[in-house]
There are 2 protein chains.
Amino acid sequence: MPNKDEITAAIQAIEPFKQSDELFKSRMAAHARVLSVEKGQVLFVNQDEADKIYIVLSGWVKLFRETLDGTQAVIDIIPKNHMFGETSIFEDCIYPYSAEATETSELISLPISLLKDGIETDPKLALAMLSSMAKYRKQQDREIEHRTIQNASQRIGCFLLRLIDQDQQGPVSIHLPYDKTLVASRLGMQPETFSRALKKLKDATGIDVKGATIHMDDVQQLVRYSCAACSAEFPCKDLKASAY
Amino acid sequence: MPNKDEITAAIQAIEPFKQSDELFKSRMAAHARVLSVEKGQVLFVNQDEADKIYIVLSGWVKLFRETLDGTQAVIDIIPKNHMFGETSIFEDCIYPYSAEATETSELISLPISLLKDGIETDPKLALAMLSSMAKYRKQQDREIEHRTIQNASQRIGCFLLRLIDQDQQGPVSIHLPYDKTLVASRLGMQPETFSRALKKLKDATGIDVKGATIHMDDVQQLVRYSCAACSAEFPCKDLKASAY
DNA sequence: CGAGGGTTTGAAGTGCATCAAATAGTGTGG
DNA sequence: CCACACTATTTGATGCACTTCAAACCCTCG
């Protein structure tokens with residue numbers, strides 16, 4: 001169970017809050033509630049009235065939307081020290097997606113009204129939010145690009161590259177941050193397709209796959225394969241934020 | 001050739017500028033430059049240094065990125081009275097995409113520094129930008145969803161629905177805003193696929209297609225077909241902004 | 001009328017999804 | 001420590017959706 005200091009630290013770690021008013025942050029910390037959730041627990045569903053924002057302390061939260069027949073589209077998977085639910089501030093306080101813990105996780109929740117007030121009264125915070133929103137937008141644009149021009153194997157390769165410290169030279173080991181099934185949905189493909197595409201990636205680049213651990217002698221093997229079908233050049237600096 | 005009043009009106013029409021300071025807007029108007037561009041003319045390319053933002057007065061501008069081998073991913077197609085290039089403010093003033101006129105168009109350009117200053121000094125403008133950014137983000141989220149769970153025909157149907165005044169009852173006629181080839185790329189499919197998928201949509205819903213004009217007796221025909229594979233219900237209010 | 005671009009059609013191939021089933025891996029209680 | 005139950009992952013077989021390449025058609029505009 002996190003104590004006050006850890007809560008403060010978590011709030012401080014959120015990108016747009018870093019430079020913001022200390023008083024504002026301490027007010028947030030004072031109103032924070034810690035919650036522990038089990039795997040599969042739903043935090044809210046699409047179109048719910050939004051009264052809280054959440055910060056992930058540990059574990060992972062999947063954001064998604066689904067159709068009446070249950071087909072679902074994963075929008076994002078939120079890692080430790082990131083926030084979600086905040087976009088609803090600009091949308092009549094309605095969550096634009098559902099949120100579910102993908103494993104046992106610890107979160108903190110904060111009243112959304114606090115953040116809303118903060119943004120409206122502290123111009124510096126508003127600017128910081130703008131900047132983080134713009135960054136997110138860029139990621140989404142790239143996501144659309146990837147799904148348009150990269151095939152399944154290349155998308156996996158690209159995903160792996162974003163898990164690496166991008167300036168790294170020489171041999172690298174990567175550990176998948178969560179279930180292969182979840183990675184697959186994050187990349188917009190079926191688990192079966194993921195499995196086969198990973199094998200294809202292995203044959204094409206010579207990477208070494210053992211369970212959830214992937215090893216390669218040189219990052220360039222992957223770069224050549226995946227970044228060929230992308231408008232950006234490796235290292236794709238701005239995307240590192242999407243990593244974990 | 002647009003005169004001063006038309007320029008002022010165009011600036012005034014941009015969503016985030018509507019409520020902003022009059023002085024700011026007149027300063028913008030004073031610095032505005034009108035430019036006429038031919039079909040195919042490139043305004044800037046991905047990674048160019050960004051010194052201007054643009055507003056479309058007439059015609060259409062395609063935003064896209066492309067890989068070394070020329071494959072391109074269309075990010076958006078900007079209609080009249082909309083702005084583009086402004087996201088670069090938050091990204092070291094580098095354009096994150098290329099821009100090309102898809103037909104003879106009239107634009108105005110504004111120094112990006114003006115907008116940047118405006119956002120930093122006028123909190124109201126910053127909030128308005130935040131709000132419009134959030135709206136755009138929502139659209140992009142939905143775009144990803146569509147490409148994940150809708151097939152080609154459903155995407156076309158959804159696109160058509162967004163061209164309609166969504167509360168409309170009874171018979172409707174729609175005219176495609178631009179080339180079918182361009183619509184296809186906007187929806188992430190090949191022209192051939194578009195052609196065949198449109199025919200399939202016609203067979204499935206009974207809509208009437210004549211060249212670029214599409215007629216139907218009842219919008220519900222399309223709604224049943226397309227919105228089944230979407231997490232949102234018709235009318236999808238917030239997406240109307242993406243229409244034209 | 002002819003040229004050229006936009007659009008459609010046909011034929012063939014590829015990639016991914018789907019369904020079904022086998023296998024590997026993990027945690028549980030005995 | 002083993003056997004069982006359950007889940008994650010892989011594999012196989014098959015089908016459908018979309019792409020690709022090629023060619024025909026259509027429309028518009030000089």
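Naming convention: chains lettered A, B, ... in sequence-line order (proteins, then strands); numbering from 1 in each chain. Just so it is clear, the structure is predicted and the values come from calculations on it, not from any experiment.
Listed pair Lys39(B) / dG5(C) fails the phosphate criterion, with no side-chain N or O lying under 4.0 Å from OP1 or OP2. For dT9(D), the OP1/OP2 oxygens have no side-chain nitrogen or oxygen of Lys199(A) closer than 4.0 Å.
Straight-line distance from the CZ atom of Arg147(B) to the C1' atom of dC18(D): 14 Å, rounded to whole Å. Going from atom CG of Asp179(B) over to atom C1' of dT28(D) covers 13 Å, rounded to whole Å. As a whole-Å value, the separation of Leu176(B) CG from dG6(C) P is 15 Å. Whole-Å rounding puts the His146(A) NE2 to dC16(C) P distance at 15 Å. When the P atom of dA17(C) is taken as reference, atom CE of Met189(A) falls 8 Å away, rounded to whole Å. The CD1 atom of Ile149(B) sits 13 Å away from the P atom of dA17(C) (whole-angstrom rounding). Atom CD in Glu103(B) sits about 13 Å away from atom P in dC29(D), given to the nearest Å. As a whole-Å value, the separation of Phe194(B) CZ from dA17(D) C1' is 17 Å.
Of all the heavy atoms in Lys180(A) and Leu198(A), the pair that sits closest is NZ-CD2, 4.3 Å. Heavy atoms only, all atoms of each residue included: Tyr97(A) and Phe44(A) are closest at O-CE1, 3.2 Å.
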CA sep, side-chain torsions, deciding dist, call: Lys39(B), Glu103(B), salt bridge (Lys or Arg N to Asp or Glu O under 4.0 Å)
CA-CA 4 Å; Lys39(B) 171 173 182 155; Glu103(B) 53 184 82; over 6 Å; no

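At a cut-off of 3.5 angstrom, counting only N and O atoms as typed in the model, there is no donor on one side facing an acceptor on the other between the side-chain of Gln190(B) and the base of dC21(D). Interface remark: the Arg196(A) side chain does not form any donor-acceptor pair with the dT14(C) base, using a distance-only criterion of under 3.5 Å. Side-chain atoms of Glu192(A) stay outside donor-acceptor range of the base of dC16(C), with no qualifying N/O pair under 3.5 Å.
A donor-acceptor pair shorter than 3.5 Å cannot be found between the side chains of Glu66(B) and Thr71(B).
Ranking dT9(C), dG6(C), dA17(D) by closeness to the Ser195(B) side chain, first place goes to dT9(C). The side chain of Thr181(B) sits closest to dT7(C) out of dT7(C), dA13(D), dT19(D).
Both Thr193(B) and Ala152(A) sit near DNA chain C, but only Thr193(B) has its closest nucleotide nearer the 5' end.
Checked for salt-bridge contact, Arg137(B) and Glu143(B) miss the test: no charged N lies under 4.0 Å from a carboxylate O.
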